[in-house]
Amino acid sequence: MASVLVIEDDLTFSRILEGFLTKHGHSVKVNNTGTEGLKTFTSTTFDVVLLDYRLPDVTGLTLLTDLRTHAPNVPVIIMTSFNDLRTAVKAMKAGAFEYITKPVNPEELLLVLNQSLKKETEPSQKNTVRPPSKDFIEGKSDVSRKLHDYVKLVAPTDMSVIIEGE
């Protein structure tokens with residue numbers, strides 16, 4: 001099915017991931033440091049990358065930027081034990097396809113992995129200019145302004161409709 005690069009420093013977890021993904025028909029290569037992962041990524045073609053956020057030699061965000069430089073269209077799924085909204089937003093802005101927390105639910109992982117592979121084959125619509133929507137509702141309260149600012153922060157380039165509540 002898909003060629004998957006797993007960059008994960010937890011040896012037990014990476015072996016579990018490798019076995020699980022292989023069982024579901026994927027070809028899996030595992031690296032335990034960011035340096036090894038980047039070297040493997042630049043020398044081989046992969047369909048998707050599963051990337052740990054905290055590695056012994058580099059952060060996942062730094063490595064994500066390097067991966068994007070070499071192959072901007074390969075989906076990268078960040079995995080972390082730390083459920084932090086700011087980090088998730090930074091990862092998504094840096095180009096991560098998804099941000100999932102450990103312990104990883106196997107069914108969720110397969111769902112996200114399949115979505116990333118499906119999206120890779122679809123034509124990109126991210127930079128498509130859309131006509132203004134007539135469904136725009138603008139609120140005036142502080143709460144609606146905060147919601148508007150948050151939505152702009154999370155998905156500023158992919159919004160066709162902004163809904164604000166009063």
Side-chain angles (χ1 to χ4, degrees), residues 1-34 36-128 150-161 163:
M1 255 184 140
S3 177
V4 181
L5 174 60
V6 175
I7 306 173
E8 167 65 56
D9 64 329
D10 182 331
L11 297 175
T12 303
F13 182 61
S14 61
R15 285 186 181 134
I16 291 169
L17 278 176
E18 182 178 22
F20 177 74
L21 294 171
T22 301
K23 179 180 173 184
H24 283 84
H26 300 291
S27 168
V28 182
K29 173 68 178 160
V30 176
N31 288 130
N32 302 114
T33 67
E36 291 173 1
L38 183 58
K39 186 176 179 181
T40 300
F41 184 79
T42 58
S43 65
T44 310
T45 301
F46 292 95
D47 297 313
V48 66
V49 177
L50 298 177
L51 174 62
D52 187 12
Y53 180 75
R54 293 205 178 181
L55 295 164
D57 58 340
V58 67
T59 68
L61 286 181
T62 302
L63 188 55
L64 173 62
T65 302
D66 292 339
L67 297 173
R68 290 263 144 283
T69 300
H70 292 284
N73 295 325
V74 174
V76 178
I77 300 167
I78 301 274
M79 304 176 297
T80 184
S81 298
F82 307 97
N83 191 5
D84 177 40
L85 181 61
R86 287 183 190 184
T87 305
V89 170
K90 284 181 186 178
M92 300 306 280
K93 281 186 161 188
F97 177 79
E98 188 62 75
Y99 180 93
I100 57 178
T101 56
K102 298 176 189 174
V104 174
N105 176 324
E107 296 307 315
E108 177 188 8
L109 178 61
L110 279 181
L111 178 68
V112 170
L113 185 74
N114 289 332
Q115 287 173 343
S116 73
L117 294 169
K118 181 193 264 187
K119 186 166 184 97
E120 183 186 37
T121 60
E122 293 175 356
S124 176
Q125 296 178 353
K126 190 170 188 172
N127 295 325
T128 303
Y150 177 76
V151 170
K152 278 181 23 182
L153 177 70
V154 173
T157 61
D158 198 24
M159 293 175 46
S160 60
V161 179
I163 300 174

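Everything quoted here is computed from the prediction, not taken from an experiment. All residue numbers refer to positions in the sequence shown, counting from 1.
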Quiz prompt | Minimum heavy-atom distance between S116 and I77, given as atom pair plus value | solution = OG-CD1, 4.2 Å

Quiz prompt | Flag, side chain of N105 to backbone of E107, donor-acceptor distance under 3.5 Å | solution = yes

Quiz item: Between R68 and V74, is there a donor-acceptor pair closer than 3.5 Å when you use the side chain of the first and the backbone of the second?
Solution: yes

Quiz prompt | Heavy-atom closest contact (P56 atom, T33 atom, distance) | solution = CG-CG2, 4.1 Å

Quiz item: Is the shortest heavy-atom distance from the side chain of L113 to the side chain of H24 under 4.5 Å?
Solution: no

Quiz item: Which atom names give the shortest non-hydrogen contact between L117 and A2, and what distance separates them?
Solution: CD1-CB, 3.6 Å

Practice problem: Quick one: closest heavy-atom pair of I78 and A91, and the distance? | Solution: CG1-CB, 4.2 Å

Exercise. Find the distance between CG (D66) and CG (L38) and round it off to the nearest 0.5 Å.
Key: 5.5 Å

Quiz prompt | Residues in side-chain contact (heavy atoms from CB on, under 4.5 Å) contact with T65, at least two apart in sequence or another chain | solution = none

Self-check item: OG1-CG distance between T69 and L64, expressed to the nearest 0.5 angstrom
Solution: 9.5 Å

Quiz prompt | Atom pair OG1/OH of T101 and Y53 - distance to nearest 0.5 Å | solution = 14.5 Å

Quiz item: Can you tell which of V76, T87, L85 makes a side chain to side chain contact (heavy atoms under 4.5 Å, CB included) with Y99?
Solution: T87

Quiz item: Of all heavy-atom pairs between E36 and N32, which one has the smallest distance, and what is that distance?
Solution: OE1-N, 3.3 Å

Quiz item: Is there side-chain contact between L51 and L67, with at least one heavy-atom pair below 4.5 Å?
Solution: yes

Exercise. State the CG-CG distance between L110 and L21, to the nearest 0.5 angstrom.
Key: 7.0 Å

Quiz item: Nearest 0.5 Å, what's the NZ-NZ distance between K93 and K90?
Solution: 10.0 Å

Exercise. Not counting sequence neighbours, which residues clear side chain to side chain donor-acceptor pair (under 3.5 Å) with T22? List them please.
Key: none

Quiz item: Checking side-chain contact (heavy atoms from CB on, under 4.5 Å) for the pair V104/L50: CA distance, chi angles, key distance, verdict?
Solution: CA-CA 12 Å; V104 174; L50 298 177; over 6 Å; no

Quiz item: If only atom types and distance count, is the side chain of T44 paired as donor or acceptor with the main-chain N or O of F41 below 3.5 Å?
Solution: no

What pairs of donor and acceptor atoms, side-chain ones from residues 5-14 against any protein atom, are under 3.5 angstrom apart with sequence neighbours left out?
| residue | atom | partner | partner atom | Å |
| --- | --- | --- | --- | --- |
| E8 | OE1 | K102 | NZ | 2.8 |
| E8 | OE2 | D10 | N | 3.0 |
| E8 | OE2 | K102 | NZ | 3.3 |
| D10 | OD1 | T12 | N | 3.1 |
| D10 | OD1 | F13 | N | 3.1 |
| S14 | OG | D10 | O | 3.1 |
| S14 | OG | L11 | O | 2.9 |

Quiz prompt | Minimum heavy-atom distance between D57 and G34, given as atom pair plus value | solution = OD1-N, 2.9 Å

Quiz item: Which distance, rounded to the nearest 0.5 Å, do you find between the CD of E98 and the CE of M92?
Solution: 5.0 Å

